[in-house]
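Just so we're clear, the structure is a prediction, and the values are computed from it rather than from any experiment.
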Amino acid sequence: MSEDFKVDIVNPDRSFFSNDKVKEIVVPAVEGDMGILKDHIPIISFLKPGIIFLSTNEGLQKFYVEDGIIEFRDNTLSILTSTIIDLKNIDKSFIDNNIKDAEKQLENSDLNDQTRFLMSQKINVLRTIN
């Protein structure tokens with residue numbers, strides 16, 4: 001019996017990724033990193049800045065994501081996100097510019113706790129990539 005399930009990742013520009021032979025995926029949910037295997041219970045969650053780890057027969061793929069929504073049901077994981085980049089193709093200038101922008105936003109004393117948390121998370125993740 002197959003242990004595979006389907007993953008579709010969509011951003012506003014296009015269908016970013018689709019594969020029906022995924023073994024496991026770990027997503028940076030706001031509740032914490034969440035591992036999903038075939039037959040996981042149905043779930044809807046929000047994403048925070050982080051790395052998606054996706055395992056298939058071809059190996060491990062890693063994607064940087066800033067935000068989004070996931071839904072898992074009927075052995076299909078759908079990820080909707082505004083920003084996703086394959087770590088193989090991430091540009092150092094993108095990382096540096098996004099760290100600077102997030103640090104500048106953190107200087108604003110009017111930020112609410114949620115935005116402050118997300119900006120801090122973004123900076124930490126981008127520094128680990130760099």
Side-chain angles (χ1 to χ4, degrees):
M1 187 166 147
S2 172
E3 295 298 318
D4 302 337
F5 62 96
K6 183 174 184 177
V7 172
D8 289 317
I9 303 174
V10 178
N11 70 7
D13 299 329
R14 62 189 165 91
S15 175
F16 180 82
F17 177 90
S18 184
N19 189 322
D20 61 356
K21 301 291 184 195
V22 175
K23 302 286 183 203
E24 179 182 12
I25 189 167
V26 177
V27 296
V30 293
E31 301 89 355
D33 288 351
M34 181 183 308
I36 298 174
L37 300 167
K38 183 179 179 189
D39 296 329
H40 193 284
I41 62 169
I43 189 165
I44 295 175
S45 185
F46 292 99
L47 296 177
K48 64 182 179 185
I51 307 297
I52 293 175
F53 297 90
L54 191 141
S55 296
T56 65
N57 287 337
E58 292 81 42
L60 180 67
Q61 293 178 272
K62 299 179 205 174
F63 306 107
Y64 168 73
V65 66
E66 287 191 358
D67 57 14
I69 299 171
I70 66 163
E71 177 185 21
F72 186 83
R73 70 182 170 127
D74 301 327
N75 284 316
T76 298
L77 177 66
S78 300
I79 301 175
L80 307 174
T81 180
S82 63
T83 304
I84 186 162
I85 301 170
D86 190 327
L87 284 189
K88 292 184 294 190
N89 303 326
I90 201 160
D91 183 64
K92 183 166 175 28
S93 64
F94 170 86
I95 294 171
D96 293 340
N97 291 336
N98 274 275
I99 289 173
K100 286 178 189 171
D101 290 345
E103 287 174 338
K104 188 172 186 173
Q105 288 183 36
L106 281 176
E107 292 173 6
N108 182 351
S109 61
D110 295 332
L111 283 181
N112 63 38
D113 289 342
Q114 179 183 6
T115 304
R116 189 169 299 283
F117 167 76
L118 292 173
M119 288 299 107
S120 296
Q121 180 70 26
K122 182 177 180 178
I123 291 167
N124 290 338
V125 170
L126 289 171
R127 283 184 178 152
T128 62
I129 295 170
N130 207 8

More than 12 foreign heavy atoms under 6.0 Å from CZ of F94: is that the case here? yes

Hey, what do you get for CG (L37) to NZ (K23), rounding to the nearest 0.5 Å? 11.0 Å

Give me the atom names and distance for the closest heavy-atom approach of Q105 to L111. O-CD1, 3.0 Å

Distance col, row F63:CZ vs L87:CG, nearest 0.5 angstrom, shows 8.5 Å

Rounded at 0.5 Å granularity, tell me how far OG in S120 sits from CD in E103. 10.0 Å

I need the E3 CD to E24 CD distance, nearest 0.5 Å. 11.5 Å

Would you name the heavy atoms of I44 and I69 that are closest together and state the gap between them? CG2-CG2, 4.3 Å

Within 6.0 angstrom of E31 CD, more than 12 heavy atoms from elsewhere: yes

Common cluster, M34/F17, ILVMFWY with side-chain heavy-atom separation under 4.5 Å: yes

Group every Ile, Leu, Val, Met, Phe, Trp and Tyr by side-chain heavy-atom contacts under 4.5 Å, then state whether I43 and L77 land in the same group. yes

Taking side chain as C-beta onward, heavy atoms only, is I79 less than 4.5 Å from F16? no

Would a 4.5 Å heavy-atom cut-off, applied to side chains only, mark P49 and L118 as touching? yes

More than 12 non-hydrogen atoms from neighbouring residues, nucleotides or ligands closer than 6.0 Å to CZ on R116, yes or no? yes

Closest non-hydrogen contact found for K48 with G32 is NZ-CA, 4.3 Å

Working to the nearest 0.5 Å, report the span between CD1 of I51 and CG of L126. 8.0 Å

How many angstroms lie between atom CD1 of I85 and atom CD1 of I52, to the nearest 0.5 angstrom? 11.5 Å

Taking the side chain as C-beta and beyond, is there a heavy-atom pair between T81 and D67 under 4.5 Å? yes

Would a 4.5 Å heavy-atom cut-off, applied to side chains only, mark T56 and V22 as touching? yes

Heavy-atom closest contact (D110 atom, N108 atom, distance): N-OD1, 2.8 Å

Common cluster, L54/I70, ILVMFWY with side-chain heavy-atom separation under 4.5 Å: yes

Between E66 and K122, does any NZ, NE, NH1 or NH2 come within less than 4.0 Å of an OD or OE carboxylate oxygen? yes

Taking side chain as C-beta onward, heavy atoms only, is L80 less than 4.5 Å from V10? yes

Tell me whether F5 is reachable from V26 by hopping between hydrophobic residues (I, L, V, M, F, W, Y) whose side-chain heavy atoms are closer than 4.5 Å. no

Same apolar cluster (I L V M F W Y, side chains within < 4.5 Å links), F72/V65: yes

CG/D113: more than 12 non-hydrogen atoms of other groups inside 6.0 Å: no

Ignoring hydrogens, what is the shortest heavy-atom contact between S82 and P12? Give both atom names and the distance. CA-CD, 3.8 Å

Do I123 and L106 have side-chain heavy atoms sitting under 4.5 Å apart? yes

Sort and list the pairs that fulfil side-chain hydrogen bond (donor to acceptor under 3.5 Å, both in side chains) and have at least one residue in residues 8-17, not counting sequence neighbours. D8-S18

